[in-house]
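Side chains are part of it too, since the values below use all heavy atoms of this structure and drop only hydrogens, waters and symmetry mates. Proteins come first, then strands; the chains are lettered A, B, ... in the order of their sequence lines, and each starts at number 1.
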Amino acid sequence: MAATQNDFSDVQAVYLPIAAVVLAVVFAAFLFAVVRYRARDGRAAKPTREHNALEVAIALGLAAIVAVLVVVTFGVDDDEAKVAGRPAFRVDAVAFKWGWQFTYPGLPGVVDRTTDTAPPALHVPAGREVAVRLSTRDTTHAFWIPELRYKRDAWPDVAQTFALTFPAGQHLSGHCAQYCGLRHSDMVFTVQALGREDFAAWVARARGRRPGP
Amino acid sequence: MSVAAPLAPARGLAGAVVGTDHKSVAARTFITAFGFFFAGGVVALIMRWELATPGMQVTSRAGYDQLFTMHGSTMIYLFVTPVALSLGTYFVPLQVGAAEIAGPRVNLIGYWLLAFGGVIAWSSFLARNGAAQAAWTAEFPMSDAPNTPGTGMDLWIAGVMLATSGVILMAACQLATIVARRAPGMTMLRVPVFTWSMVVTCLMVVSAFPSLLIAMGGLLLDRHGVDVYPGAGGATAYQHLFWFYGHPVVYVMFFPFVGASLEVIATFSGRRVFGYKGIVLSLLAFAALSMAVWGHHMFTTGQVANHYFSLTSTMLAVPAGMEYVAAIGTLIGGALVLRTPMLFAIAFFLQFLLGGLSGIYVGSPPLDYHVHDSYFVVAHFHYTLLAGSVFGLFAAVYYWWPKVTGFHLRDGLGKLHLALFVIGTNVTFLPMFFLGYDGMPRRVANYTPADRWTTLNVLSTVGAFVIGLSIAVFCLNVLVSWLRAEPAGPDPWGGQTLEWATSSPPPRLNFVAPLPPIRSSEPLLDLRGVPAPEALP
């Protein structure tokens, strides 16, 4: 089962070391040049020569690095785009100015919604694949849970569906990441990723609270 | 075009309004752009003051939204793009040995469109609901009439359209100058590196900037009752039109400073630039690729082909890497004179690298999904623009200042400026990588103590004021150097290109004496008997 936070770590584990090496090599090259070739009495600059073969070799080396990065990215990106046909749980997330509403197709009538005083809590079972269907009621917003290393824009008129896996026992929160006007900074939510028993207890409580027909 | 006898140039105030000499138009563009830089910088300091601690201290939420919108749009539309073109307006005709820019009156109109556009965009602060507050990208539908009501937004759109039209005209004049006004003997492969950087810059301006006019024109119509961008397709269409401009503009704000910095490095290394043909080839490849990467701004929208845009964006590492090879190859084997312009040019390459590498990082959708629209991205593009390109700009300013004014800027104050600027930019923007990674979204007016972002934000704010101090040192340097001028002479640095073969400042039609023979991209080194790379075994 794929999880966005693992996908992120897998890709970053390739990108960051390469970036660190490139950074170190370039800084070292500049430092070497500045120390070694600083103008001193009696030494003139050497005439510049052509090194076409060297340049081509470096370009090919860079292209090889690009190829590695792109292959890693493509593999994970394809994996991340897949949403399981039968996810363990479904969430309908609706963004609006300036708050969130979470409903659960498996639990008709249960609603977690931003109120005048408090951000809402998104309730999900921990450790299982959750399909989130994201839409907006007005302008564009973005659904971002930093701990899951994932965000997606809420796009006008089209719902977007993606899969997340929530770890148990962590304090998770979410934030709107797409500027949406006056109270954009307040557009937060919390996440309750519950273990099997806790989740069942919440379901029972939420069903009990549900207003009658 | 028929050539009439030249009129006596207008002087004084009239000259400042109608003078068409490319050097005078360039100076006005430069001063206007720096005026907007100061204005946008003050706005940035207010924003940093607000963000230093949780809660709203100095402005309201609506005020903050106006500030970040005006900061971004001022810096991009009215400072970095125009200032880059002002360098080209001044030095392209000189470097190709032309007496004037092609289309001097069109060029002048370009300047005035830019200046008035900027004033109109800033006049939106006087509107009833305040200035525009839909960010510099004005993404639809956030920028439509229901979401952002008020004439402030309309004034902003009109201002941005005018300024961008002006920039397009100025770029067209430079391009025409390079194509049609090169001195005898100057083949395209003898055009200096800076002018080559302006070739690709201006190509991108004339091919990508009209897309912004279309996006903004549609937005203006949509705000006044015409359904230009209805529904989901409209929101997507706006972003495609906008980013088709919005990514190339990033390179418009980069290439001229690469070109200028490479010339500075060559001059202060006392030798020809390394790999001239490689530089030209990679600039062209860079420009071509950068017209095909815009969708990487849209990975999180789910409306673009991730693989394509990720591939093209990551491929940019190859031509970018070759510019670094050129810089390092020039330094190694030179006799380096570490004056202020040289130090700024080296700092440009080193500091930009953080922006470039983080750019490759965000070019990968699985990584971008996390850091997009967070402070990580704010750090990334400030490392390319302020902590990158503006170092290249100051390298150009310290290098060409004696040519333009006839007197030197002080080297000691220049180095103090550099030191403060290095400290300020890194203290401001390094923390932002961590803030964004930790979950701080961009464009927020506020955060809570529970977020635990206060320490890094305080650090960032302190850094921003150090940047302010470094710019104050620059202004002091200009003042001191002006009041007690040290004359520079025609060629204070041992220059390599034609602008150093005339007086400082150059006369009305640029060259009085006959031009030296042009046998390479560094004609003045030919005169001094420095062999060309091709001539060496």
Side-chain angles (χ1 to χ4, degrees), chain A residues 4 7-8 11-12 15 19 22-23 26-27 29-30 32-34 37-39 43-51 55 58-59 62-63 65-66 69-70 73-74 76-77 80 138-140 142 144 146 149-153 155-158 160 175-186, chain B residues 61-62 135 139 141-142 147 231-232 235 269-272 274-275 278 300-303 306-307 310-311 314-315 317-318 321-322 324-325 328 331-338 346 349-350 353 357 361 364-367 369-370 372-374 438-439 441 443-447 530-531 533-534 536:
Chain A
T4 47
D7 292 336
F8 177 88
V11 177
Q12 183 167 255
Y15 274 64
V22 171
L23 192 76
V26 172
F27 271 67
F30 271 89
F32 165 75
V34 168
Y37 292 100
R38 195 159 174 183
R43 203 184 65 209
K46 295 177 191 161
T48 307
R49 289 168 185 272
E50 284 189 330
H51 292 278
E55 286 195 78
I58 293 174
L62 288 169
I65 294 176
V66 169
L69 298 179
V70 166
T73 286
F74 282 10
V76 174
D77 188 57
E80 213 163 11
D138 37 57
T139 184
T140 41
W144 182 25
R149 308 283 185 253
Y150 193 80
K151 77 168 64 65
R152 193 66 177 259
D153 291 357
W155 208 245
D157 296 354
V158 242
Q160 316 222 47
H175 207 303
C176 176
Q178 173 69 48
Y179 172 66
C180 55
L182 209 55
R183 291 183 55 200
H184 166 52
S185 25
D186 300 340
Chain B
R61 282 158 192 275
E139 274 164 27
M142 195 51 221
N147 280 305
S269 299
R271 63 205 297 251
R272 295 175 197 264
F274 174 81
T300 58
T301 65
Q303 311 293 313
N306 280 7
H307 284 199
S310 180
L311 174 67
T314 313
M315 279 167 67
V318 179
M322 296 318 289
Y324 277 81
V325 169
I328 294 166
L331 290 170
I332 291 179
L336 277 52
V337 179
L338 300 181
I346 291 172
F349 279 101
L350 294 180
L353 192 58
L357 291 173
Y361 181 98
S364 170
L367 301 177
Y369 287 154
H370 177 44
H372 182 72
D373 270 334
S374 78
D438 195 45
R443 296 168 178 161
V444 288
N446 197 12
Y447 54 93
V530 177
E534 308 88 80
L536 292 168

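Residues Tyr361(B) and Tyr15(A) approach most closely at CA-CD2, 3.9 Å, considering heavy atoms. Counting all heavy atoms, side chain and backbone alike, Asp7(A) lies closest to Glu80(A) at OD2-CG, 3.5 Å. For Pro156(A) against Thr140(A), the heavy-atom pair with the smallest separation is CD-CG2, 3.4 Å. Shown here for Pro141(B) and Thr139(A), the closest heavy-atom pair between the two residues is CG-OG1, 3.7 Å. A pairwise comparison of heavy atoms in Thr301(B) and Trp155(A) identifies CG2-CZ3, 3.5 Å as the closest pair.
Heavy atoms of Phe8(A) lying under 4.5 Å from chain B belong to its backbone as well as its side chain. Contacts between Leu182(A) and chain B at a heavy-atom distance below 4.5 Å involve backbone atoms as well as side-chain atoms. If you measure heavy-atom distances from Gln303(B) to chain A, the contacts under 4.5 Å come from the side chain alone. Looking at Ala44(A), only its backbone comes within 4.5 Å of chain B, counting heavy atoms on both sides. In this structure, chain A has a heavy atom under 4.5 Å from the side chain of Tyr324(B), while its backbone stays farther away. Only the side chain of Gln160(A) comes within contact range of chain B, with heavy atoms under 4.5 Å apart.
Looking at Gln178(A) and Glu139(B), their side chains come closer than 4.5 Å, going by heavy atoms from C-beta outward. Pro441(B) is not listed as a side-chain neighbour of Asp373(B), based on a closest heavy-atom distance of 4.5 Å or more. A 4.5 Å side-chain heavy-atom check between His370(B) and Pro146(A) finds at least one atom pair inside the cut-off.
Note: His307(B) leads His372(B), Met322(B), His307(B), Arg443(B) in heavy-atom pairs under 4.5 Å with chain A. In terms of heavy-atom pairs under 4.5 Å with chain A, the best-connected choice from Leu353(B), Leu350(B), Asn446(B) is Leu350(B). Note: Arg149(A) leads His184(A), Arg149(A), Lys46(A) in heavy-atom pairs under 4.5 Å with chain B. Contact count against chain B (heavy-atom pairs under 4.5 Å) is highest for His175(A) among Arg43(A), Arg183(A), His175(A). Interface remark: of the candidates Ala135(B), Gly278(B), Gly275(B), Ser269(B), Gly275(B) forms the most heavy-atom pairs closer than 4.5 Å to chain A. Contact count against chain A (heavy-atom pairs under 4.5 Å) is highest for Leu367(B) among Ile346(B), Leu338(B), Leu331(B), Leu367(B). The candidate with the highest count of non-hydrogen atom pairs below 4.5 Å against chain A, out of Gly333(B), Ala62(B), Gly270(B), is Gly333(B). For chain B, the option among Val11(A), Asp157(A), Val70(A), Asp77(A) with the highest count of heavy-atom pairs below 4.5 Å is Asp77(A). Counting heavy-atom pairs closer than 4.5 Å to chain B, the top residue among Ile65(A), Leu23(A), Val76(A), Val34(A) is Leu23(A). Among Ala317(B), Pro531(B), Gly321(B), Ala235(B), the residue making the largest number of heavy-atom pairs under 4.5 Å with chain A is Ala235(B).
Side-chain atoms of Asp153(A) and Thr300(B) form a donor-acceptor pair, as typed in the model, at a separation below 3.5 Å.
If you run side chain to side chain contact (heavy atoms under 4.5 Å, CB included) between Val325(B) and each of Ile58(A), Leu62(A), Val26(A), only Ile58(A) comes through.
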